[in-house]
Amino acid sequence: MPADLSGTWNLLSSDNFEGYMLALGIDFATRKIAKLLKPQKVIEQNEDSFTIHTYSSLRNYLVTFKVGEEFDEDNKGLDNRKCKSLVTWDNDRLTCIQKGEKKNRGWTHWMEGDKLHLVLTTFCSCI
């Protein structure tokens, strides 16, 4: 049975977030502001159906999806991209692959103890 990621999660630390944003082509001012934010993530999970709210003092974001079903994702307010996303389970890790304007992009969530981890990925020759 996959992990239950439900809960309210607060950012404790981030590594190389600016490099990630640079690879996505996010402008200088937005990168500087975003690095200072400490977002809160609220995950509601019902088996393989998810609603994820991300709250910050700059912007809020909502995404809903069902594991294994490709969906259209509009990242308005984040990096303003539109993409096709597919979320799957990789053992107890929830992994998303996004196809669109920026290639080879995605994320992975998993739990270790009482902490939720998130790795954002993008592969770009620009960094």
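- Within the 3.5 Å criterion, the main-chain N or O of I43 finds no donor-acceptor partner in the side chain of H53.
- More than 12 heavy atoms of other residues, nucleotides or ligands lie within 6.0 Å of NZ in K32, so this atom counts as buried by the packing criterion.
- Within 6.0 Å of atom NZ in K82, 12 or fewer heavy atoms from other residues, nucleotides or ligands are found, so the atom counts as exposed in its surroundings.
- Around atom CG of D15, no more than 12 heavy atoms belonging to other residues, nucleotides or ligands sit under 6.0 Å away.
- To the nearest 0.5 angstrom, T54 atom OG1 is 13.5 Å from W9 atom CH2.
- D27 places a side-chain N or O within 3.5 Å of a backbone atom of T30 that can act as its donor or acceptor partner.
- Interatomic distance, OG1 of T8 versus CD of E44, reported as 9.0 Å (0.5 Å rounding).
- In this structure, K35 and M21 have side chains that are in contact, with non-hydrogen atoms separated by less than 4.5 Å.
- With contacts defined as side-chain heavy-atom distances shorter than 4.5 Å, the pair I26/Y20 does not qualify.
- No chain of hydrophobic side-chain contacts below 4.5 Å, direct or via other Ile, Leu, Val, Met, Phe, Trp or Tyr residues, connects L5 to I97.
- In terms of heavy atoms, W110 sits closest to D92 at CB-O, 4.1 Å.
- Hydrophobic clustering, with ILVMFWY side chains joined whenever heavy atoms are under 4.5 angstrom apart, keeps M111 apart from L11.
- With side-chain heavy atoms closer than 4.5 Å counting as contact, directly or through intermediates, the hydrophobic cluster containing L37 also holds I33, L58.
- Taking 4.5 Å as the limit, some side-chain heavy atom of L24 sits within range of a side-chain heavy atom of T122.
- Minimum interatomic distance between G68 and L86 (heavy atoms only, all atoms of both residues): C-CD1, 3.6 Å.
- From S85, atom OG reaches atom CZ of R105 across 8.5 Å, with rounding to the nearest 0.5 Å.
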Given the rule in the side chain to side chain contact (heavy atoms under 4.5 Å, CB included) test, do T64 and F71 qualify, once you have shown the distances and angles that lead to the verdict?
CA-CA 9 Å; T64 59; F71 62 99; over 6 Å; no

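- Distance check, rounded to the nearest 0.5 Å: CD of Q45 to CG of D4 gives 4.5 Å.
- Put simply, CG on L94 and OG1 on T88 are 7.5 Å apart, with the number rounded to the nearest 0.5 Å.
- Residue W107 comes nearest to L118 through the heavy atom pair CB-CD1, 3.7 Å, listed as atom of the first residue, atom of the second, then distance.
- Residues W89 and V67 come closest through the heavy atom pair CD1-CG1, 3.6 Å.
- Residues K84 and D72 approach most closely at NZ-OD1, 2.8 Å, considering heavy atoms.
- Remark: the backbone N or O of G106 is paired with a side-chain donor or acceptor of T121 at under 3.5 angstrom.
- How far CG of N10 is from CD of Q40: 4.5 Å, rounded to the nearest 0.5 Å.
- Considering all non-hydrogen atoms of both residues, K99 and E70 come closest at NZ-OE2, 4.1 Å.
- The side-chain heavy atoms of H109 and L116, taken from C-beta on, include a pair separated by under 4.5 Å.
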Please walk me through it: do F50 and V63 pass side chain to side chain contact (heavy atoms under 4.5 Å, CB included)?
CA-CA 8 Å; F50 283 81; V63 63; over 6 Å; no

